[in-house]
Amino acid sequence: MTADLPAGLPADPSDELPPGVLLSVRGLGVGLGGRPIVDGVDLTVGAGETVGLVGESGSGKSLTARAVAGLLPPGLTATGSIRLAAPAGRPGPPVELAGAPERVLRKIRGRRIGLLMQDPFAMLNPLLTAGAHLAETLPRPARGEVTQRLAEVGITDPDVARRYPFQLSGGMRQRVAIAAALAGDPELLIADEPTTALDATIQHEIMQLLARIQAARGMAVLLITHDLRVAFELCDRVQVMYAGRVLETGSAKALATGPSHPYTLGLINALPAVERTAVRLEGIPGSVPRAADVAGQCAFAERCAQRRDDCLTARPPLRPAGAGRLTACLHEVVPRPVASAPEGPAAAAREPSAQPLLLVEGLRKQYGTAVALAGVDLRIEPGERLGLVGESGSGKTTLARCLLGLTEPSGGRITFQPPGTPRHRVVQCVFQDPSTSLNPAMPVGATLAEASGRAAPGERRPPGELLELVGLPAAYATLRPHRLSGGEKQRVAIARALAVRPELLICDEPTASLDVSVQAHILELLRTVSAELGTALLFVTHDLAVVRQITDRIVVLLHGRVVESGPTAAVLDSPDHDYTRRLVASVPPAPALTGRDACTS
Amino acid sequence: MVFARVATRRLGAVVVLLLVLSVLTYGLLALAPGGPEQALLGERASTPETRAAIRLQYHLDEPFPVRYWYWLSGALGGDFGNSVYFRQPVLSVIGERLPVTTTLAGFAIVLTLAVGIPAGLAAGLRRGSAIDRGVTFGTLVSLAFPPFGIALILLYTFGVALRWLPIYGSDQVANYVLPAIALALGQAAVVVRQTRAAALDVGGQDYVTFARARGLSRLRVWGSYSLRNAALPVMTVAGLLAAANLTGAVFVEQAFSLPGLGSLLVQAVNQKDIPLVQALVLLGGAVVIAVNLLVDLLYMVIDPRVRHGAAA
Amino acid sequence: ATNGGAKSGSGGSAASLTLVTPSPPTVLDIAHGFNTPSTLVQFAILDTPVTLGEDGSIKPSLAESFTEPKPGTYVFKLRPGVRFSDGTPVTAEDVAYSLERHLDPELASQAASTVITVKKVEVTAPDQVTVELKSPNPTFLANAALIWQIVPKKLAEANPQTLGTPEVPTLGTGPYKVTAFTVDGVTLERNDQYWGPKATLDRVKVTAIGEPEAMRLAVSSGSVDGTTLIPPQEARKWEGMKGVDVRFYPGNAIAFLSLNVKDKYLRDVHVRRAIAHAVNRTAVQQLAVGGKAAPARTILPQPQLKALYGEQYEQVVAGLPDYPYDLAAAKAELAKSAYPDGFTLTVPYASDDKRVDALQAVAADLGKIGIKVDLKPLPPDAARAQRMRHQDLTMGLSELSYGTPDPGEVLPDLLGEVAAQPQGFNFAQYTTPEMEAKINTMLGLTGKARQDAVTEIITLAAEEQPYIPLYYAQYGVALNEKFVHSIGPWTVNAIGAIKVR
Amino acid sequence: MRAVLRKGWGPSVAVLALLALITLAGPWLAPYDPGAHDVDLGAVGPSAQHLLGTDNLGRDVLSRLLAGTRTALIGPVLIALGTTLLGTTLGLLAGYRRGWLDAVLMRLTDLMFALPGLLILIVVVGVAGGSYATAVLALIVLGAPADIRVIRSLALSQRELAYVDAARTLGLSGRRIMFRHLLPNLGPTVTANLLLSFVFALIALSGLSFLGIGLPAGTPDWGLMIAENRTILDLNPWAAVAPTLLITITAVAATILGDRVFERLSA
Ligand SMILES: Nc1ncnc2c1ncn2[C@@H]1O[C@H](COP(=O)(O)OP(=O)(O)OP(=O)(O)O)[C@@H](O)[C@H]1O
Ligand SMILES: Nc1ncnc2c1ncn2[C@@H]1O[C@H](COP(=O)(O)OP(=O)(O)OP(=O)(O)O)[C@@H](O)[C@H]1O
Ligand SMILES: [Mg+2]
Ligand SMILES: [Mg+2]
């Protein structure tokens with residue numbers, strides 16, 4: 001809609017902002033004691049426009065957003081220019097926010113620029129009711145409007161205003177936070193990953209809510225996300241950040257179909273799609289460098305398949321690449337459309353055999369009066385890859401922990417084949433959070449050696465071999481976990497689980513907190529090792545796109561009960577149960593690259 | 001009524017605790033060498049008849065459980081016995097000295113909080129600044145300085161050299177200024193450390209950033225966000241300190257010759273004045289419990305999570 | 001006086017005095033408050049039938065006169081018209097009961113042992129009380145001057161254990177009466193009912209400051225008017241204070257080292273003599289009482305020596321065997337003993353004993369001649385109880401003070417057979433039939449015969465050295481120059497001896 | 001001051017190392033026999049012979065300080081070690097194993113927390129013979145509950161982390177998980193506790209000496225020196241001031257070191 005804005009042009013020396021522009025950031029730098037973290041970011045947001053800011057973890061999205069709101073964490077300093085147009089109806093010169101005194105900023109915050117943060121669990125004051133959060137933010141004359149404001153974010157129960165944050169679900173909290181952020185009727189709402197901590201279906205609802213409010217109020221939104229699919233679905237324009245700088249910007253549609261920077265292309269290629277199963281999931285090799293380390297070159301050069309010599313000699317400027325588009329790549333991008341695997345017999349479900357590897361009958365688990373598992377039946381054949389999906393709290397983790405022997409079930413039966421083998425040689429697990437799944441006090445090698453010591457005597461493998469199995473150099477054995485990236489930690493966790501050569505590997509959302517490109521690597525790794533070693537997989541996730549890539553069969557869990565199960569493709573393409581249908585509908589479509597012609601030269 | 005329920009639920013535990021405490025103290029005192037005989041006889045020669053009469057009167061020859069039972073049945077009826085040394089009902093001996101201790105404790109805790117909380121907040125909110133470093137160093141030293149040393153220094157400086165304040169007595173407000181300062185100095189350091197940590201913790205919380213992002217006034221962000229949330233851990237510490245003061249600030253009372261419960265205890269222990277020590281220890285236990293209960297109730301007032309957790 | 005307000009001086013009326021004591025008065029009845037701060041107050045409010053004159057002689061007081069019709073029987077004629085401070089008249093029953101009560105074991109009077117020889121106390125006429133002793137006792141009258149405090153019979157009978165506490169205020173016939181008794185101290189006011197010359201001070205307050213230094217500062221800054229109980233160890237610091245008159249007078253006391261003659265090592269007289277040679281008395285008295293003392297060579301207090309021998313007492317003392325500080329002589333003595341190479345001695349002491357510095361000096365000197373002394377701290381009550389039970393007695397530093405000028409108390413106390421039993425003061429456990437006989441004979445003698453008997457006893461004691469005499473302590477009084485006093489060794493009522501200048 | 005706080009590390013380690021050295025070598029460093037007295041000399045201020053003067057008995061203050069380092073530090077070190085050992089072991093067991101042991105320990109610490117600590121200390125040590133060993137034992141018992149609580153709550157939260165689940169999934173024994181997996185991760189807290197207990201004990205013991213409870217008279221010990229020598233502040237203030245300063249400096253150094261170790265290890 002607003003793609004004709006002069007987005008991202010070199011800094012405008014005049015005081016006036018072009019008409020229609022609400023926020024203009026030029027050459028924004030954020031540094032920590034002289035070391036740049038964000039380096040020369042330009043950003044323009046038009047009135048009523050939705051701009052997406054995407055990029056891998058650590059690329060500087062949040063710091064950019066907080067610099068705009070004047071809320072950088074202590075110790076960090078911002079340079080450059082951040083200008084906000086004069087309030088509508090009162091023409092005048094724009095307000096410079098960079099370096100503005102707290103007094104000025106406080107007037108702007110809430111009333112002209114709202115900020116919504118990632119974690120709804122931490123964003124609200126635990127000691128204040130939902131209503132109090134709203135009331136204290138509402139301008140004086142509107143103090144009584146709490147009920148209306150809550151209704152605007154879809155909370156119709158007036159009782160919610162009297163509840164405390166700990167009495168609300170994550171989705172409710174985020175709604176209250178949105179209402180509070182909007183209480184001052186800001187012209188620009190900065191939403192920093194507002195749904196990352198929420199369930200898939202809730203994520204979808206909140207995003208839809210934001211889109212609705214944005215449309216209704218004609219408010220501008222700066223949406224920060226690492227989920228490209230969300231950005232492409234909801235935003236007018238998308239800006240890709242990497243190592244503290246902007247690599248590409250353009251309309252959402254154009255970027256989705258024809259990226260003009262290899263990094264964007266890489267991200268798109270790494271995205272799993274719920275509609276199809278990729279033959280190979282391709283992540284970008286390597287990891288995001290620190291802004292300071294790549295100051296005089298293309299920040300992406302190290303990881304770029306199309307790198308040429310000139311990429312390393314100077315920092316490529318943002319150059320126009322078609323209508324309203326800019327790219328920081330000196331070269332033309334060669335897209336490689338992703339091949340879809342044929343829905344062939346390879347992925348077809350195995351026939352139920354007489355000797356399943358795992359048989360679960362009527363498994364129940366109660367915590368006090370709360371029922372986590374209400375009688376679950378499950379079977380896994382040797383070498384089978386089973387997906388377990390369901391919303392948060394549906395009992396997925398509880399089931400996994402019962403299988404692992406970490407939780408004592410309240411009832412039901414779990415049988416492994418062959419009987420008599422110690423449980424730890426049959427089943428192992430990769431846990432969700434890579435940051436805690438390795439003992440921080442132990443070198444990686446020691447962790448692996450300890451695990452390998454638990455294998456059957458003939459099958460013990462040295463740490464170096466295990467590391468190579470998961471694609472890490474053997475030299476990593478001497479490192480402590482804090483030196484590894486999230487993806488690397490998760491690889492070590494996989495190596496640890498495989499060290500005892502289990503028959504069944506349980507993966508409890510192993511990629512939920514990883515970037516797409518890292519996720520692609522891990523999923524690919526799991527696919528290969530399970531195929532090579534013949535290990536069965538129980539893959540727990542709430543991400544249907546992921547489950548499509550890696551499993552043969554899925555089981556849908558709701559409130560501790562299996563509500564649907566069947567071959568993955570069949571269930572996802574034509575879900576039976578109402579809940580499964582809602583789940584499928586909440587996944588944004590993956591972008592479909594249109595091929596070479598999408599790339600303008 | 002949530003409060004009432006919590007309070008009554010505690011009562012049972014309190015009774016058990018005090019009973020255990022009384023058995024332990026009584027046993028310790030009864031089994032230890034020495035005894036009240038010497039205190040009763042003074043440091044003088046005595047006749048065997050007198051000693052026999054005393055042993056009979058104080059049941060000194062009866063087995064420990066019997067003696068304890070005499071004490072307990074008296075105590076349950078509100079009679080904690082007579083102080084051996086003072087020849088008065090224990091309760092009136094304590095009652096006379098209680099105002100001294102409560103005045104000192106009240107004074108000290110007010111000073112402690114009035115100095116400790118602002119200093120801790122100032123340090124915590126400006127981490128690494130000159131103020132922070134100064135305050136942190138100050139707390140280190142005052143924590144490390146032996147408490148009786150502080151008392152003597154204050155006594156010399158303000159009582160003798162400058163003559164600003166009286167150096168003995170217990171019946172004027174001015175008598176409590178120096179002791180309260182001596183007591184508060186070390187305690188304020190504890191509060192500062194706790195407040196600083198709480199302020200650091202709270203300052204980094206998303207909800208404070210979110211509050212600022214909504215353009216809330218500085219006062220509101222400070223008051224209802226930083227201060228209120230930081231208050232919770234600080235309250236616990238303040239409660240512990242208040243309890244310690246109320247059970248007798250031994251060193252300060254000794255140094256300033258204040259006739260409070262702390263110096264009374266030291267004296268009673270030295271005289272092996274069993275009924276008095278017993279009552280003082282139980283009073284101490286009761287005070288600690290009461291203060292803890294008060295802190296918990298305050299927690300419930302301030303923190304809805306605790307309030308509703310308790311109601312569930 | 002103000003109670004230590006920042007303003008100095010006792011302000012307002014000059015006829016008001018604030019005295020400070022190192023510990024607070026506890027019970028204003030000698031039966032249960034036989035300790036210095038309490039007796040300080042008791043003597044100001046409670047009268048005795050007889051009292052001590054300035055030279056230590058017995059003088060009538062509440063009794064108009066007294067006679068000793070036969071040895072061991074005393075008849076006291078009471079002064080007519082004496083009233084308690086509440087106006088009730090004093091009866092002979094009150095007077096008799098006031099002595100008799102100390103004989104009752106139920107009362108567990110701390111003064112009981114001083115009246116152990118009393119057989120019966122009778123009212124023999126409306127104004128006459130007769131006391132009959134089991135046997136003649138030259139110290140009876142002097143003790144009566146201290147402990148026979150007249151209290152109302154009815155009150156004392158009803159409250160045997162609590163008389164004189166803040167709960168049950170006592171009533172007396174003395175020059176002052178109590179108007180307040182709280183944790184802050186005792187407040188006295190002039191008793192207008194007093195039969196004798198009216199007290200010159202309107203009000204006296206007695207309050208306690210536990211820290212010796214704080215006590216000194218309070219006196220020197222004028223927050224209080226003075227003390228009659230200068231802590232001996234701090235004596236040095238009290239002199240030279242501006243506006244404060246500090247004086248020391250010889251106490252009727254003796255400090256000594258007791259050596260338990262039943263002890264494995266100390267039973268050897270050469271060991272005891274060696275120790276006597278190794279003790280540096282100057283150092284000990286310096287450390288124990290800040291040098292405010294005279295060196296002692298015998299176990300009798302100086303005022304008693306003076307009372308007994310008159311001015312020639314110094315010659316008597318000079319004639320006693322002496323053990324000057326001389327480590328070589330000490331070593332030589334030890335060489336004669338069964339333990340020429342020395343031994344180890346464990347010496348218990350009360351952890352609050354202020355004389356521990358002196359003990360340390362003794363220990364260090366003994367170390368030099370090969371006697372290793374292990375000082376073992378005990379909780380104060382345990383230490384005292386243990387010592388009175390004569391348990392684990394080895395070597396100990398004691399200071400005994402007496403109220404009477406007659407040696408008839410000290411000698412049986414230290415060398416008598418009865419006192420060698422538990423609860424007696426014979427910490428050396430030194431008792432022989434010979435000594436016992438000498439003491440008993442001496443008690444019945446008078447005049448020159450008595451002098452000679454005493455000389456014999458103290459000579460024997462000096463040869464045997466069960467006790468190593470150390471020093472005669474002097475007691476210090478500090479008073480603001482607004483006041484004058486005449487406190488001396490025989491002063492019973494110290495408060496009464498203080499007047500406005 | 002700035003340097004002490006920012007770095008803190010260097011000076012603190014230096015101070016403590018020096019003290020440790022003196023503890024070991026004190027008797028050889030002392031210019032005089034710490035017990036040798038000279039009453040005729042008495043208490044005099046600093047001079048060339050006696051750098052910190054002498055006390056009432058004419059003993060050399062410097063020598064007594066040096067010799068006293070051992071007494072002054074060994075008690076607190078023992079208490080710190082004892083408290084930390086007891087607190088860490090029980091805290092780990094309670095936090096990891098839960099169950100009845102946890103329940104019993106928690107009730108017990110509840111009880112201990114409801115005790116007026118200083119009061120109990122005075123009663124126990126004052127009554128039970130007043131020996132130094134009693135004081136050390138009493139302080140260990142009184143100090144342990146706080147450590148138990150801290151370690152238990154940390155163990156509880158560590159126990160929820162995936163690496164512990166992974167270890168359990170590997171079928172490792174509880175003991176191995178507690179001591180090889182949990183304990184190293186509690187390192188910063190355990191070290192900080194150790195130093196904190198040391199400071200607490202240092203000050204508590206000197207307080208007891210001040211009240212005349214604990215060591216026999218004449219033992220060279222900092223706390224006792226303060227108590228004994230406060231009567232000669234007018235003659236030789238250093239006799240009391242120097243040990244006070246030493247206690248303060250030691251406590252400050254240990255506190256700073258504790259803070260720094262915690263920061264560094266937990267970073
Ligand atoms: N307070 C801070 N002090 C120092 N460095 C910081 C601070 N906050 C963030 N950083 C660093 O700045 C870089 C960018 O952080 P930022 O939070 O902006 O990334 P992001 O793009 O929002 O990532 P994510 O998707 O993980 O939220 C990261 O490398 C981070 O380590
Ligand atoms: N230790 C526990 N104590 C009490 N309730 C628990 C416990 N663990 C899980 N529950 C409850 O059991 C239910 C199932 O939880 P579970 O963790 O298995 O869900 P999940 O499907 O893994 O959810 P998520 O997607 O959020 O990980 C939830 O309602 C949860 O609150
Ligand atoms: Mg972020
Ligand atoms: Mg889960």
Side-chain angles (χ1 to χ4, degrees), chain A residues 397 400-408 421-444 446-456 480-482 489-490 492-502 504-510 512-513, chain D residues 2 5-7 84 88-89 91-92 95-103 150-194 261-267:
Chain A
T397 298
R401 293 179 66 86
C402 286
L403 298 182
L404 290 164
L406 294 175
T407 298
E408 202 54 44
T421 337
R423 172 142 31 187
H424 69 264
R425 298 220 180 108
V426 181
V427 51
Q428 280 297 318
C429 187
V430 178
F431 296 90
Q432 169 170 356
D433 186 358
S435 67
T436 64
S437 76
L438 299 179
N439 184 344
M442 268 189 173
V444 164
T447 298
L448 293 179
E450 183 180 54
S452 150
R454 306 295 297 166
R480 276 176 207 276
H482 70 93
K489 282 183 206 165
Q490 210 59 314
V492 175
I494 293 171
R496 173 179 59 194
L498 293 176
V500 292
R501 284 300 202 119
L504 172 63
L505 182 61
I506 297 179
C507 303
D508 191 357
E509 316 206 24
S513 49
Chain D
R2 181 176 295 210
L5 280 173
R6 172 111 26 93
K7 300 264 164 30
T84 310
T88 306
T89 316
L92 260 182
Y96 181 73
R97 290 237 196 267
R98 310 295 315 273
W100 64 268
L101 180 74
D102 186 31
V150 170
I151 297 293
R152 171 186 178 267
S153 74
L154 277 182
L156 273 182
S157 60
Q158 288 282 323
R159 183 182 190 268
E160 299 302 317
L161 297 184
Y163 78 88
V164 177
D165 282 337
R168 290 175 62 197
T169 306
L170 282 169
L172 299 177
S173 73
R175 187 140 43 101
R176 188 176 171 96
I177 294 177
M178 271 188 282
F179 293 100
R180 295 295 298 278
H181 287 262
L182 290 179
L183 189 57
N185 285 299
L186 306 184
T189 307
V190 172
T191 327
N193 276 350
L194 189 80
V261 166
F262 185 76
E263 277 166 23
R264 200 170 266 205
L265 288 184
S266 55

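Note on naming: letters A, B, ... go to the chains in the order of the sequence lines (proteins, then strands), and numbering restarts at 1 for each one.
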Which of [options] touches chain D most, by non-hydrogen pairs under 4.5 Å:
{"options": "A:Ala441, A:Ser435, A:Pro422", "answer": "A:Ala441"}
{"options": "A:Pro440, A:Ala493, A:Cys429, A:Pro434", "answer": "A:Pro440"}
{"options": "A:Gln432, A:Arg423, A:Arg401", "answer": "A:Arg401"}

Exercise for the section: Spell out the residues in residues 186-194 of chain D that have some non-hydrogen atom less than 4.5 Å away from a non-hydrogen atom of chain A, in order of number; otherwise answer 'none'. Expected result: none
Handout entry: For chain A, which residues of residues 153-164 of chain D have heavy atoms nearer than 4.5 angstrom
Key = D:Leu161, D:Ala162, D:Tyr163
Practice task
Decide side chain to side chain contact (heavy atoms under 4.5 Å, CB included) for D:Arg168 and A:Leu404; before the verdict, give the C-alpha distance in whole Å, the side-chain angles of both, and the deciding distance to 0.1 Å.
Solution key: CA-CA 9 Å; D:Arg168 290 175 62 197; A:Leu404 290 164; over 6 Å; no
Fill in the blank from the handout: Output for pair (D:Ile177 CD1, A:Asn439 CG), nearest 0.5 Å, gives 10.5 Å
Fill in the blank from the handout: Nearest heavy-atom approach of D:Gly171 to A:Arg454 is O-NH2, 2.8 Å
Can you say whether [X] sits under 4.5 Å from chain D via the side chain, the backbone, both, or neither, judging by heavy atoms?
{"X": "A:Val427", "answer": "backbone"}
{"X": "A:Leu438", "answer": "backbone"}
{"X": "A:Arg425", "answer": "neither"}

Handout entry: Residue pair A:Gln428, D:Leu170: steps toward the side chain to side chain contact (heavy atoms under 4.5 Å, CB included) verdict
Key = CA-CA 7 Å; A:Gln428 280 297 318; D:Leu170 282 169; 3.8 Å; yes
Exercise for the section: Using a strict cut-off of less than 4.0 Å between a Lys/Arg side-chain nitrogen and an Asp/Glu carboxylate oxygen, indicate whether A:Glu450 and D:Arg180 qualify as a salt bridge. Expected result: no
